[in-house]
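Written below as structure tokens is the structure these notes are about.
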Amino acid sequence: MNSIQVTLPDGSIHQVAPGTTPLDVARGISPRLADAAIVAKVDGQLFDLNRPFEADSALQILTTKDSEALEVYRHSTAHLCAAAVLELFPETKLAIGPPIENGFYYDFDRPDKFTPDDLDRIEGKMWELQAKALPFERKLMEKAAGIEKYTAMNEPMKVELITERAGDIFTEYTLGPNFIDFCRGPHLPDTSKIKAFKLLNIAGAYWKGDEKNKQLQRIYATAWFTKKDQDEYLTRLEEAKKRDHRKIGQELDLFSIQELAGPGLIFFHPKGGIIRKTLEDWMREAYLKRGYSLVYTPHVMRRDLWKVSGHANFYSENMFAPMELDDAEYQLKPMNCPGHILIYRDRQHSYRDLPVRLGELGTVYRYERSGTMHGLLRVRGFTQDDAHIFCRPDQVEDEIVACLDFATDTLRTFGFTSYKAEISTWDGGVSGKYDGEPDKWVLAEGALRKACDRLGIEAKVIPDEAAFYGPKIDVKLVDAIGRLWQLSTVQFDFTLPNRFELEYVGADGAKHRPLMVHRALFGSVERFFGILVEHYAGAFPTWLAPVQVAVLPITDKQIPYAQDLTEKLKAAGVRAVLDDRGEKVNLKIRDAQVQKVPYMLVCGGREAEAGLVAVRHRKRGDAGAIPFEQFLETVTAEIAAKSLE
RNA sequence: GCUGGCGUAGCUCAGCUGGUAGAGCAUCUGAUUUGUAAUCAGAGGGUCGGGGGUUCAAUCCCCUCCGCCAGCUCCA
């Protein structure tokens, strides 16, 4: 072969000599392209820039503008990290080092533990190697020889990976004199392309993610094309830290977790309590408007119930241990479904009664392993806005539509404009791990899809991700700083109606088994509360704010006037607080600002005289003096409208 | 549960690898009566997470338990 034909995305064709690399082609186009080039795409496959073409090819040069290039860049930085570790700690065994969102990690095995000081040293060594512009060199290896070689190198985890994953011929990449790694690649041409990274922390991680395996030491790092990108990311991290609901929860005195009481158990303080009440009131009202009934079920029930429901078997690890009472064992509820089922089953139902929608803000208790709790987001006792819908097959689709409409209405009400939906389906019955009759699966999955179509919701379908008892649709919201949170879920349950032998009498006079849908929109009230705190960074919209108006007399002389206004606000249902401390307004304003109170009413001599209030908004600042009645009207209207301003 | 880090006043944090603890804010008291993000002064407040050990002596060293943080695993 005398020459190779390379076709570029714009259709232009270059004839190049054998041995030519994508980087050579890029240089031929422009030095700037060669400089910005990170990796090549040859016939749709990622390809090292300095790997010679092997045949006629379609070539695309990926630069710092391509997300795939960023992954390659991060993976190469991970290799640099591992090379630095081997320089400093030669006895270290390598596991894997993939790119992740915002950076990469690398897992290592070695007898001694990395310390924060070691991270600094490793980072220093990485820059040292980076400055040498070390090439990432690609080599081909025959599998059997490779296994032999890595065994000789005493890299047991690499041997395992090669044995499992490598083809007859596999690739490996070297970096510097000491580092060689079984790796699919591709990589950067050399380390001089690496401009910004930072090692962040050390964590334990199980080999291959299995807790039965050995625990390795994982180094997490962030890596970016430019220092600027990295600084922006680090600033974002800081921002997220400032929004942490655990921190804001303490600063605004919303809730606490008490060591004496136990981990994962939440105490709502008065200010958190009023917010929670507002959420719950809204939800209960919405239930009633949408044709749900409100029920209450016990927190402890006989273990026999949990045997019938099956939880005593498949869910026992997550349940608080049984307690002896009289001659029977009782157990705290980890779910509300059996309770609702008992209510449904307490009497006969006609097909005309359906759908029956039983809703409850039901507090459940689940045993979570000690290391897994996290503020309000992962707890041992929480309250689900839980409802179960019992319906006929012909009603399923409308019910799902109603559930999804309810879910999106909930999101909108609390200020979330963006969300994602995922439908989890079965495997078609191939594995036999799914419960329930096939026709029910087909009906239910069809209803989920059709409901999304009807509402114009774009839902991603994830095959073989359903629960064993039925398919589901999950709604995930996007918060103020772009993070994704799992929230609402609508799930079919084909198992429990059978276990409890649920029935209704059809038009034909015969008994039929109803379909059961389980749904939660907030998911857990505690968790949703925590998400809200982070979404608003503590600055709740007025209708949710624990203190809506702070009335601030300037001197003692205005206290009677301010007192009067406070009473009028309270009488109108506004959460107003009078600050009658003998302090300067500056301090009173500061305190109200720090507490993120939406409105401050400054009351001085001039205002008291004329029946005015000088309005200050926490974000918009001083808005000037207006008649009190006018303020009262606007603030009550704002609250009634559940304005998100 | 596992790995690593951490636990000092209500909060945020100092405390020089052993000699029974400090600051700012908050609280209380007094003075000040103040116009849009901190008025001044004084006072009180800590079995230095719990228990055990080493030592003449432990906030500091060792063991153990509890809790918190970052992850892993698991998950609403």
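The chains referred to below are lettered A, B, ... by the order of the sequence lines, with proteins before strands, and numbering in each begins at 1.
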message: My understanding is that only residues two or more places apart in sequence, or in another chain, count here; which of them pass salt bridge (Lys or Arg N to Asp or Glu O under 4.0 Å) with A/K271?
response: none
- prompt: What does A/R246 touch in the nucleic acid at a heavy-atom separation under 4.0 angstrom: a base, only the sugar-phosphate, or nothing?
  reply: sugar-phosphate
query: What nucleic acid atoms does A/V602 come within less than 4.0 Å of, heavy atoms only: base, sugar-phosphate, or nothing?
result: base
task: Using the C1' atom on both, measure B/U20 against B/U64 and round to a whole Å.
output: 24 Å
task: Could you give the distance separating B/C6 and B/C16 at their P atoms, to the nearest angstrom?
output: 15 Å
message: Using the ring pair (Phe, Tyr, Trp, His ring centres under 6.0 Å) criterion, which residues pair with A/H388? Sequence neighbours excluded.
response: A/H340, A/H518
message: Under 4.0 Å between a side-chain nitrogen and a carboxylate oxygen: does that hold for A/K472 and A/E465?
response: no
task: Using only heavy-atom distances, determine whether the side chains of A/T555 and A/Q558 contain a donor-acceptor pair under 3.5 Å.
output: yes
message: Applying salt bridge (Lys or Arg N to Asp or Glu O under 4.0 Å), can you list everything that pairs with A/D405, at least two apart in sequence or on another chain?
response: A/R290
message: Students often get this wrong, so: under 4.0 angstrom with heavy atoms, is A/Y315 touching a base, only sugar-phosphate, or nothing?
response: nothing
query: Within the structure shown, what part of the strands sits under 4.0 Å from A/V379 by heavy-atom distance: base, sugar-phosphate, or nothing?
result: base
- prompt: What parts of residues 206-217 of chain A reach RNA chain B, counting only heavy atoms under 4.0 Å away?
  reply: A/Y206, A/G209, A/E211, A/Q215
- request: Report which part of the nucleic acid A/Q486 touches: base, sugar-phosphate, or nothing (heavy-atom distance under 4.0 Å, all strands).
  value: sugar-phosphate
task: Under 4.0 Å between any heavy atoms, over every strand shown, what does A/E607 touch: base, sugar-phosphate, or nothing? Just pick one.
output: base
- request: From the options A/D386, A/L279, A/T383, select the one residue that forms a side chain to side chain contact (heavy atoms under 4.5 Å, CB included) with A/L361.
  value: A/T383
- prompt: With a non-hydrogen cut-off below 4.0 angstrom, is A/D556 in contact with a base, only sugar-phosphate, or nothing?
  reply: base
- line: Residues in residues 612-628 of chain A with a heavy atom under 4.0 Å of RNA chain B, by number, are A/A614, A/R616, A/D622
statement: Between A/F528 and the options A/F522, A/F382, A/W282, the ring pair (Phe, Tyr, Trp, His ring centres under 6.0 Å) test singles out A/F522
- prompt: Which pairs count as ring pair (Phe, Tyr, Trp, His ring centres under 6.0 Å) when at least one residue sits in residues 98-120 of chain A, sequence neighbours excluded?
  reply: A/F89-A/F114, A/Y105-A/Y220, A/Y106-A/F108, A/F108-A/F114
message: What range of RNA chain B does chain A touch, first nucleotide to last, counting atoms under 4.0 Å from its heavy atoms?
response: B/G1 to B/A76
task: Just jot down the salt bridge (Lys or Arg N to Asp or Glu O under 4.0 Å) partners of A/K247, sequence neighbours excluded, or say none.
output: A/E251
query: Base, sugar-phosphate, or nothing for A/E526, non-hydrogen atoms under 4.0 angstrom?
result: nothing
- prompt: Please, which pairs that meet salt bridge (charged side-chain N to carboxylate O under 4.0 Å, His left out) have at least one residue in residues 583-603 of chain A, sequence neighbours excluded?
  reply: A/R581-A/D591
- line: Across all chains, not counting sequence neighbours, the salt bridge (Lys or Arg N to Asp or Glu O under 4.0 Å) partners of A/K93 are none
- request: Go through the structure and list residues passing side-chain contact (heavy atoms from CB on, under 4.5 Å) with A/E164, not counting sequence neighbours.
  value: A/E160, A/K208
Pair A/Q491, A/Y469: side-chain N/O donor-acceptor within cut-off below 3.5 Å: yes
Base-pair map of RNA chain B as dot-bracket, where | denotes pairing with a different strand and pairs are Watson-Crick or G-U under 3.5 Å: (((((((..((((........)))).(((((.......))))).....(((((.......))))))))))))....
